[in-house]
Amino acid sequence: MSQPRSSYAVGTGLFIVLGFAALAYLATQTSSVANVHQGDSYTLDTQFTNIGQLKERAPVKIAGVRVGQVKSITLTPGHEVADVKLSIDKTYDKIPQDSVATIFTSGLLGDQYVGIQYGSAKQVVAAGGTLSRTKSTEPLEEMLGKFFGAGSVVDNVGGSYMVKADFSNVGALSVGAPVKMAGVVIGSVQSVHADPVKLNAQVVLAIDKRYNAIPDDSSAAVFTSGLIGTQYVAIQPGGSPDALKDGDEMILTQSAMQLEDLIGKFLVNGSPNDKKDAGNGKSSDTPAGKH
Amino acid sequence: MTQPDRQPPDDSTLVRIRGLTTVLNGKTIFDALDLDIPRGKITAIMGPSGTGKTTLLKHITGQMRPDAGEIRVNGENVADMSREQLYKMREGIGYLFQNSALLTDFDVFENVAFPLRQHTQLPEVLIRNLVLLKLQAVGLRGAAGLMPNELSGGMARRVALARAIVFDPMLILYDEPFVGLDPVALNQVLKLIRTLNQTLGITSVLVAHELEAVKQIAEHVFLIANGKVVAQGDPKTIANDGSPWTRQFFGGEADGPVPFQYPAGDYAEALGFSGAAK
Amino acid sequence: MNVREPQRNNVVTQSLAQIGACGLFLVTLLAAIPRSFRYVRETIRQLWFVGAMSLTIIMVCGLFVGMVLMLQLYHVLSIFGGTSASGMVVALSVYRELGPVVTALLFAGRAGTSITAEIGLMRATDQIDAMEMMAVDPIAYVATPRFLAGLIAMPLLCCVFCAMAVLGGHLVGVTWLGIDNGTFWSNMTAEVDVHTDIVNGVLLKSLAFGAVVSLIAVFQGFTTPPTSEGVAYATTRTVVASSIAILALDFVLTAFLM
């Protein structure tokens, strides 16, 4: 007679195997397990003054190759440095004692990782030993913040007075965008429209009455907060004894910069530690906050 | 085959029903019904549609519990049984459903083998032989490989019968076994019921309307109406006993104790002639 | 087995009665699990019908979901110059949401309806009563194996769905749109976490959905009036109730697991 039972069993078995194969594929090939070394590892202690966005299980790399992961991040009370334990694969047990552990960011927006640059000492750091030479993270926000002078505190704007400014290019500046001085919001953009005669953009800034002593030779610039944030107007105080009044026009302006050019130059020109002037030269002004 | 000898001594009654009372959805189906089914005979239960003949079978198998009264099958009260006891008892009862109720997932062979596979750990060879034996008995050994949807109504009923007897039960309940069969198939089923009863000594209870068929095989007939047994006896005497019930039922009159009209309010009133009615 | 249809008072009491009956039915089902161990073969057979027979639709749909997701994401992410992250976003959205939810919806449509219709028909043709008469517990033999099969099949199907979606994303992203193969995988492996995404997302959610869908399907099959209209009505209800339950449960699970 017919024996359907065995064929069902075989088919069902195949189905279960396929399902588990898919699970194994998901778990090992598309997840972070793919990055985790299953082999033996040893622990190294390091200390950083600032770990930025570093997380546990973040990769540890030598020459860009993953050799382990961050085991734990702790902060001892009373200390102002973070203790970071690195778990490193046993295969890589010849790390010189004077090697430098640095916190890097993968790409512009990526996660952070610990990179170890080999030193030249003959002595090898032992398991459980300490890498004393470390370089902490320089948060990208700080860098960019310095660079662009962006603040983020928004004040309530009370009574205000109007100041006009002409820009050759306002980028994506919109009505309502903040006006900042030294990174602090002091007003907002009242209107943006093109001047039919001068063929440029005329921006009306509403500035809080409290800030009534802004020198009339101050400059206005269109900046971007953060990398992909909104644009705002930054006011760079000048040295004139006379203050801006309602209806005045600001003469010195700096138009919106091409962010792509800027970052391109910035990244190509060297490490973040290079205090290099990266203004794009459209105006003689240096960007706000940069001295 | 696996039937232990459960017969209590000196008892010719296999199923004894006393004071059976059942109320379904507010309607009284049985009202203190008393009924004895003799061992080793073919008993027919007849009655107008809706008198609960199928319900009575369900009571005997314990699928429905009565509101009052007792049903003793082989001396044990079905109403008091636990699920395990019920299942144990049902292994000794065959039940032929009106629409055969073959499992559509399995072919004829597996349908007949189903009770064996569920309740025994017999080797495959033995199962095969037993199933073929039963299929041979109903004349369908050649149809073993067919699926239920390939069978005619009569064939399906015979397969169901083979399944019902695969455990050699002490009792078979037939729920309307002749409905929807052509004369040939009807006679085949009739012959099977009689053969099974005579050769294996299986007590048979059949619920049926077909007077001619029942007269041919039944040794005892119960006529049930209004929740009570209104007449009983062997088919010939009962047909001639002259009570209004038997006259209407066996004579096939449209009106009588079984009313033509379903109970309703005053007709004239329903038509809006309430004034005229008064 | 004779569950009477609840009184048609109004939608709320009716739904509540259904939910309550469904809960009680779940208890019956679970209580029958020890008794259904002897019907392991039946569970395997049901796993074949419920799981293996659903593979084709799950695989095809998974592939297309991955492909269309990649296409959409690529165009949105290209605005921010983040196309390299699209593989990762495909994987995360499929693992956490789309995989379990879409698989469960397809499962309800493909397997749930057939379970309901099959049980409904078995009741209509007295097969369930016949089992009772053959001393075979229909709950242990019919209901629980189907429930267990659904419970086992769903996570497996969901894994297959997710794997196919990632492959679909790879197909469109790498082969067609030209995302670098290494970038595609490295971004994915960097962000997908086994615990939060695969265990909590794929497995736990699909297990819960599998339980809910097969419970509803079996329940509807067992409680529907055993007539043609009853069965037709019950299959519709299976799809509607399952879909609502899946999406509502998804919200609850996401809130708890994230």
Side-chain angles (χ1 to χ4, degrees), chain A residues 2-38 53 55-61 64-66 69-70 105-113 172 224 226-229 259-260 263-264 267, chain C residues 41-55 58-59 62 79-82 84-85 87-88 90-92 94-95 99 149 152-167 169-170 184-199 201-203:
Chain A
S2 60
Q3 282 296 325
R5 287 152 191 274
S6 55
S7 67
Y8 286 135
V10 170
T12 312
L14 275 175
F15 163 63
I16 294 176
V17 168
L18 182 65
F20 276 105
L23 174 62
Y25 173 76
L26 296 185
T28 57
Q29 296 305 304
T30 70
S31 79
S32 47
V33 167
N35 290 338
V36 175
H37 286 281
Q38 302 292 333
Q53 305 291 313
K55 295 182 193 81
E56 288 184 11
R57 310 210 305 125
V60 176
K61 297 182 182 184
V65 180
R66 190 187 165 103
Q69 59 177 343
V70 174
T105 305
S106 31
L108 205 53
L109 301 165
D111 270 353
Q112 289 185 306
Y113 65 94
T224 307
L227 256 184
I228 44 179
L259 194 64
E260 293 87 341
I263 293 172
L267 292 176
Chain C
R41 277 161 173 271
E42 182 61 15
T43 310
I44 291 173
R45 216 173 63 91
Q46 289 307 323
L47 200 52
W48 164 261
F49 284 120
V50 159
M53 301 290 269
S54 310
L55 261 183
I58 294 289
M59 287 173 86
I79 296 171
F80 305 107
S84 59
M88 166 193 77
V90 167
L92 286 182
V94 167
Y95 292 172
I152 298 166
M154 250 304 284
L156 297 177
L157 287 174
C158 185
C159 287
V160 173
F161 183 93
C162 292
M164 290 306 288
V166 170
L167 285 184
H170 185 266
F184 180 89
W185 292 114
S186 65
N187 274 330
M188 195 184 291
T189 52
E191 285 305 316
V192 174
D193 181 70
V194 174
H195 183 253
T196 54
D197 298 324
I198 294 186
V199 175
V202 176
L203 293 182

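In the text below, chain A, chain B and the rest are named by the order of the sequence lines, each starting its count at 1. Hydrogens, waters and symmetry mates play no part in the numbers below; they use all other heavy atoms, side chains included. No experiment lies behind these values; they were computed from the predicted model shown.
- Both the backbone and the side chain of C:Ala52 have a heavy atom closer than 4.5 Å to some heavy atom of chain A.
- Note: A:Ala22 leads A:Pro59, A:Ala22, A:Ala21 in heavy-atom pairs under 4.5 Å with chain C.
- In this structure, A:Thr12 contributes its side chain and C:Ile44 its backbone to a donor-acceptor pair below 3.5 Å.
- Contact of C:Ala149 with chain A is not made at all, since no heavy-atom distance falls under 4.5 Å.
- In this structure, no portion of C:Ile152 lies under 4.5 Å from any heavy atom of chain A.
- What you find for C:Ala163 and A:Tyr25 is that their closest heavy atoms are CB-CD2, 3.8 Å.
- For a residue to count as touching a neighbouring chain, one of its non-hydrogen atoms must lie under 4.5 Å from one of that chain's; by this rule C:Val166 touches chain A with the side chain only.
- At least one side-chain heavy atom of A:Leu23 sits under 4.5 Å from a side-chain heavy atom of C:Ile198.
- What you find for A:Ala27 and C:Val194 is that their closest heavy atoms are O-CG2, 3.9 Å.
- With a 4.5 Å cut-off on non-hydrogen atoms, A:Phe20 touches chain C through its backbone and its side chain both.
- Using a 4.5 Å cut-off between heavy atoms, A:Leu14 does not touch chain C at all.
- Considering only heavy atoms from C-beta on, C:Leu55 comes within 4.5 Å of A:Leu18 through its side chain.
- Of the two parts of C:Phe161, neither the backbone nor the side chain holds a non-hydrogen atom closer than 4.5 Å to a non-hydrogen atom of chain A.
- Two residues are said to be in side-chain contact when any heavy atoms from C-beta on lie closer than 4.5 Å; C:Leu47 and A:Ile16 meet this criterion.
- Heavy atoms closer than 4.5 Å to chain A are found in the side chain of C:Leu167, but not in its backbone.
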